[in-house]
Number of protein chains: 2
Amino acid sequence: MKNGKPSRKEKEYLRHRHEILQTALELFSQRGFHNVSMHEIATASEFAVGTLYKFFSNKEDLYRNLIIDVSNVFLSSLMSTLATPGNELEKIRACVEAKIKVFMDNLDYVRLYMAETQGVSFNVKTSLDPEIRDRYEKFLKQLACVFENGIKKRLFKKFDPYLLAVALDGISNALLFHHVEYPGAHPFDADLIINIFFQQVYEKEDLRDE
Amino acid sequence: MKNGKPSRKEKEYLRHRHEILQTALELFSQRGFHNVSMHEIATASEFAVGTLYKFFSNKEDLYRNLIIDVSNVFLSSLMSTLATPGNELEKIRACVEAKIKVFMDNLDYVRLYMAETQGVSFNVKTSLDPEIRDRYEKFLKQLACVFENGIKKRLFKKFDPYLLAVALDGISNALLFHHVEYPGAHPFDADLIINIFFQQVYEKEDLRDE
DNA sequence: TCATGATATGAATTAAAATTCAACATATGA
DNA sequence: TCATATGTTGAATTTTAATTCATATCATGA
């Protein structure tokens, strides 16, 4: 392997590995870590159980690798939108749009990803997540930076930028989640999220004296 | 038992049952359904394994009962705030405040509750949750009603009221979650949530032409 | 005090899955 | 063609944890 050129063998190895991960993703995302056995993954991916152990040292290692791949796909797609040209509002809009797209395109990924970042990852021993947590944290911090710049420019009102990042992420997760559970029940798009978040929901000018 | 008067025996039975549930709550909320054994619950609650099976027919039944209790505590507290006197904004503020309070007071409860309502409940066979899902749905619908009334009165802007409920719930969950993970890092209160949600985050008057 | 029914106990059983590894297949190149 | 290395197999083993149940303990009232 070394640097540039993966040999035929290596490509085959990687293809097999990928096939296993892909199958496992499907199963785990539907039924969770503990409700899927290595034998099932083996059968579904058309390898023997023993073979799985040639690729991953154990079930947890397989799961961890999956999660790392998943979170790469997911977060790298979001991160890149924040470096997009345009002002802070445009960046954030792009990010929300990307999130909706990535979400809709990869429901399996998302189910797993959510289970890891949201919802106090229960599935696997807690010792697993720190790495994924960190990536997620990094994304939130980057988003917070955009908010911070927007505040500096007086584009946004003065709230703790990190909390704004958490809040925006929270809204979009909640709506997307809801969509996964009850598709089509209450249609929405990036604009709705942006509007709820950036326009006021309240009708009157000043909130305090009604 | 019948109607009014629980005998001493019955009170004792209920106390024991409660002790077991309480212990199980602590363990499950920290490590999840699959990473806690009946033996651990037995040891921690100072009963024998066999005894647990006198109270609950199996591990899943124990877990389900726990979840039902938890969701009762949690949701009934929130529901009642929505019936509070005052206008829609006041009701919602009361609800957010109650949520923060209940959350802070019962971190164990919350961890479990969240794992069930958020995060595609992976822990236990999916066949478990519909009951809890329904309760949660009911709460969201009630919250949506308040939004709807507020919109009718032109107190709030015209968004799909159910999505507003989901969104508000999403923001508060996200912030509270974050607080559980990193306590004290970014302090916030009900006002912050209300302000982000009801006041605009955007500084300018009209969002469209910047 | 003792007999009886109700409860609690935890070692033994059972069940389910993870993991191993000796045997097998297949590809490579001498 | 054959020897070797590399990858694959799945039955057998091990591990882990849920569940059972014969036995022990305890409380009650005769």
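Everything numeric here is computed off the predicted structure, so don't read it as measured data. Each chain gets a letter, A, B and so on, in the order its sequence line appears, and its residues count up from 1.
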- prompt: Roughly how many Å is it from OH in A:Tyr63 to C1' in C:dT19, rounded to a whole number?
  reply: 20 Å
field: Residue pair A:Ile41 / A:Val49, side-chain heavy-atom distance below 4.5 Å
entry: no
- request: Quickly work out the B:Phe56 CZ to D:dA18 P distance and round it to whole Å.
  value: 15 Å
query: What is the distance, rounded to the nearest whole Å, between atom CG of A:Asn35 and atom P of C:dA16?
result: 14 Å
field: Reported CD1-to-CZ distance for the pair A:Ile171 and A:Phe197, which is rounded to 0.5 angstrom
entry: 6.0 Å
Within the 6.0 Å centroid threshold, strictly below: A:Tyr109 and A:Phe74: no
- prompt: Can a donor-acceptor pair be found between the side chains of B:Tyr53 and B:Asp61 at a distance below 3.5 Å?
  reply: no
task: Report the distance from atom CD of B:Glu40 to atom P of D:dT16, rounded to the nearest whole Å.
output: 13 Å
- line: Interatomic distance, CG@A:Leu164 vs CD@A:Glu148, rounded to 0.5 Å, equals 10.5 Å
- request: For A:Leu52 and C:dC21, give me the distance from atom CG to atom P, rounded to whole Å.
  value: 17 Å
message: Rounded to whole Å, how long is the line connecting atom CD1 of A:Ile41 with atom P of D:dG10?
response: 16 Å
At a cut-off of 3.5 Å, list every protein nitrogen or oxygen paired with a nitrogen or oxygen from nucleotides 6-8 of chain C, distance to 0.1 Å.
| residue | atom | partner | partner atom | Å |
| --- | --- | --- | --- | --- |
| C:dA8 | OP1 | B:His16 | ND1 | 3.3 |

- request: Could you state the atom-to-atom distance from OH of A:Tyr13 to P of D:dT8 in whole Å?
  value: 10 Å
Spacing between B:Met38 atom CE and D:dT20 atom C1', to the nearest angstrom: 12 Å
- prompt: Is the phosphate of D:dG7, meaning OP1 or OP2, less than 4.0 Å from a side-chain N or O of A:Arg17?
  reply: no
field: Contacts of type side-chain contact (heavy atoms from CB on, under 4.5 Å), residue A:Arg15, not counting sequence neighbours
entry: A:Glu12, A:Glu19
